[in-house]
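A, B, ... follow the sequence lines: proteins, then strands. Residue 1 opens every chain. All values derive from a computational prediction rather than experimental measurement.
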Amino acid sequence: MPVLLKELNEAQREAVQYRGGPLLVLAGAGSGKTRVVTYRIAHLLARGEAKPWNILAVTFTNKAAREMKERVWTLLGRSEPELWVSTFHSMCARILRGHAHLVNYPREFSILDQGDQQSLARECCREMNLDTERFPVGLLLQHISNAKQAFLSPQQYRVSWEGDYFKEKVAGLYEKYQQRLKKASAMDFDDLLFWVLTLFLEHPQVLDFYSGRWTHVLVDEFQDTNQIQYRIVKALAEKHRQICAVGDDDQSIYSWRGADPKNILRFDEDFPEVKVIRLEQNYRSTSNIIEAASSLIRQNLMRRGKQLWTANEPGDPVCVYMAEDEREEARFVAAEIRHLVLREGFRPSDFAVFYRTHAQSRALEEEFLDSRILFAIYGAVGFYERREIKDVLAYLRALVYPHDDLSWKRILNVPKRGIGPKTLKAAEALAAREEIPLSKALELAAHELPKKAGLNLREFLRLMENLKEKLQEQGVAGALRGILEQSGYLYELQTSSDPTSGQREENLEELLNIAAEYEAEEGGDPVGFLERVALFTDLDLKDPGEDKVSLMTLHSAKGLEFPVVFLVGLEEGILPHRSSLKDPEALEEERRLCYVGMTRARKKLYLCCAKKRRVWGVFQSLAVSRFLSELPRENLEALMPEPGWPTEGRSHLAGQGSPLKGRWVRHAVFGVGTVIAVEGGGSRLLVHFPGVGEKRFLTEEAPLQWL
DNA sequence: CAGAGACTCGAGGAG
DNA sequence: CGAGTCTCTG
């Protein structure tokens, strides 16, 4: 370990070695934040100051958790399964598996995703005769989520908003929604945190157990904690006060999810003896990128103030490109990627394209398909949110959790087997009357129902019994295969005329792979598998070995880095997003979002905007983002200067050399290309066409259209 | 009960 | 414009 400390700079080393109590590490982008956390853990273990089970490290994404775990193991030279490195949500799920009965839940509770939440809430609204025109379900759920994040029970919420018509409706739904969740033994994401904090407050002995065990607590991305997360961490750390929080207020981009950057300030109050260490040297990016990003973030008024710097080379200037519309923007990105791959030895996996909203991915997707660039989109319609995946997982959940009414309901008539709304209604009525789970009610109803319906139902229940056996005998992967084959699900897909059915089949195959992988790693426990599936996102499915261009939102980009980054849609209304234009605080968050995107780039950064783009099928003209004009021009280069560029005078933007260089041309046969050299005093042009190669033309008579 | 076609609404972001 | 939901008909 002493050898390893040499790999750290002074501030990092101090953060690793400090043992005087609460520690707050303010770490700029690319300053070795993860390094500090992993080395600190390894250091504690290597020096025998803590045993693996004494350490809790919390992150926000599964990917970060996994990476951190692996890096610690590498440092130690051995794996250490007793070490808890997990996300807030999986930590809470794990704690609750052990103590759920104390908050009146069975050990086999299921975890709902957003889609499940919506349908449950919609059902509640219908039962309450709530006018969903005036009270959209999404909005109501948002308020419920906020309430949970503020740790308010339905009753407390009702009391605190007495007299507010809208909030009273929310309170009504909140109450009903929680009842339904409990009846189905289900929790949503917020509940995982809510019930853990409840557990800690109502059963101090449980808190004692965990806070006694974890003598060292580390929290990554501290700026993204919300109130309830902060309270959980605080409760866990109060006994030993060896808490190390690492964060960057400039990268706080989750206020809409309840994240409160003020937690960083509150930390000083709750732990007045806190020691603050700043990490300001960036090791990731070229100085052009760092200077541009720093200038941008300096425009924010609400920040703790940190001067990010780098000793790295200047590198290429940040490249700015203004496109006609979103399709041309996508074409530029694709052409540039091909160019860099063909001429400069980059690989597809070196590239990432970031956008503000998912909807922007479409144009890129289409263009990449056309130009045969391999790519992977993260987050759009998540893998685990696909209908076929949810259907099949609902079978598994129904097998594992007999009280999971929602899953039973979902699979009852999928694929179609003649168990329609009438049968369901009868069973639901029975379940409500007898206060039993739906699955139980179905069993009873199977004997009472008239011929055909009863027959169908009995057959379905027999199927489920068979599958249950299969699960016990063969584990998760075997059960999933059984579900696909015996339920007729696979058959229906294979014989369907739906053009997407091939893709769906592939997705199911992938699910089987995931299950097989899980079995190999952790054994066949279906509860663990379902938990993983509920808490993982498709960002966690990203396979680093795959040589593909990554497409994702700016929000999911946090924590990642790529040699080449394209940031698209730098327009007023897109980035900054239109919903933030009137609110100075929200606008600063948009700026941080842009900052996060820029600082992901190691070598090359491209900022793109379009003069017009299609919104709901209609063209809209948008002004260039203010963020572009906040960047220092000495770090920029415009690939194609355009009239209307926001900075006055644009000669500086053309860069050195010929004004023709870098310009875009279209050739009738070769397509769109870039002028890469001007030769013979301007008489000849060397043009690169993606996928074609380089072609020389006489400038005067070149059959080229200037773009 | 199932499938086709009309209709509506959405796209701000995630565990 | 496109996905998901609703309604109508066979």
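Between the base of dG15(B) and the side chain of Gln229(A) there is no donor-acceptor pair shorter than 3.5 Å.
Every residue two or more places apart in sequence or in another chain was checked for a side-chain hydrogen bond (donor to acceptor under 3.5 Å, both in side chains) with Asn456(A), and none qualifies. A search for ring pair (Phe, Tyr, Trp, His ring centres under 6.0 Å) contacts involving Trp84(A) returns Trp214(A), not counting sequence neighbours. Listed by chain and residue number, Phe166(A) satisfy the ring pair (Phe, Tyr, Trp, His ring centres under 6.0 Å) test with His143(A) (two or more places apart in sequence, or in another chain). Remark: Arg592(A) pairs with Glu589(A) by the side-chain hydrogen bond (donor to acceptor under 3.5 Å, both in side chains) rule, at least two apart or across chains. For Tyr105(A), the ring pair (Phe, Tyr, Trp, His ring centres under 6.0 Å) partners two or more places apart in sequence, or in a different chain, are Trp195(A). For the side-chain contact (heavy atoms from CB on, under 4.5 Å) test, residues two or more places apart in sequence or in another chain that qualify with Ser153(A) are Gln155(A), Gln156(A), Phe194(A). The side-chain contact (heavy atoms from CB on, under 4.5 Å) search around Val533(A) returns Tyr384(A), Leu393(A), Phe529(A), not counting sequence neighbours.
A cation-pi arrangement is absent between Arg180(A) and Tyr177(A), since the terminal nitrogen or guanidinium carbon is not both under 6.0 Å from the aromatic centre and inside a 45° cone about the axis. Stacking of Lys548(A) on the aromatic ring of Phe375(A) is not recorded, the 6.0 Å distance cut-off and the 45° axial limit not both being met.
Taking only side-chain nitrogens and oxygens, Arg356(A) never comes nearer than 4.0 Å to OP1 or OP2 of dG13(B). Note on Ser556(A): a side-chain N or O is less than 4.0 Å away from OP1 or OP2 of dA14(B). Look at His555(A) and you won't find any side-chain N or O under 4.0 angstrom from OP1 or OP2 of dG15(B).
No donor-acceptor contact under 3.5 angstrom links the side chains of Asp113(A) and Gln117(A), judged on distance only.
Screening residues 572-583 of chain A for salt bridge (charged side-chain N to carboxylate O under 4.0 Å, His left out), with sequence neighbours left out, gives Glu572(A)-Arg626(A).
For DNA chain B, runs of at least 3 consecutive pairs of the Watson-Crick or G-U wobble type, with both hydrogen-bonding distances under 3.5 angstrom, map to B:1-10 with C:1-10.
The stretch residues 406-414 of chain A touches DNA chain B through Asn413(A), each having a heavy atom within less than 4.0 Å of the strand. DNA chain B lies under 4.0 Å from at least one heavy atom of each of the following residues of residues 108-122 of chain A: Gln114(A). A heavy atom closer than 4.0 Å to some atom of DNA chain B occurs in His89(A), these being the qualifying members of residues 84-95 of chain A.
Residue-nucleotide stacking is present for Trp256(A) and dG13(B), judged by a side-chain ring centre under 5.5 Å from the six-membered base ring centre and planes under 30° apart. Between the side-chain ring of Trp616(A) and the base of dG10(B), a stacking contact exists by the 5.5 Å and 30° definition.
Between dC6(C) and dA11(B), the distance separating the two P atoms is 16 Å to the nearest Å.
Residue Thr553(A) has its side chain nearest to dA14(B) when only dA14(B), dG15(B), dG12(B) are considered. Comparing atom distances between the Phe189(A) side chain and each of dA14(B), dG15(B), dG12(B) picks out dG15(B) as nearest.
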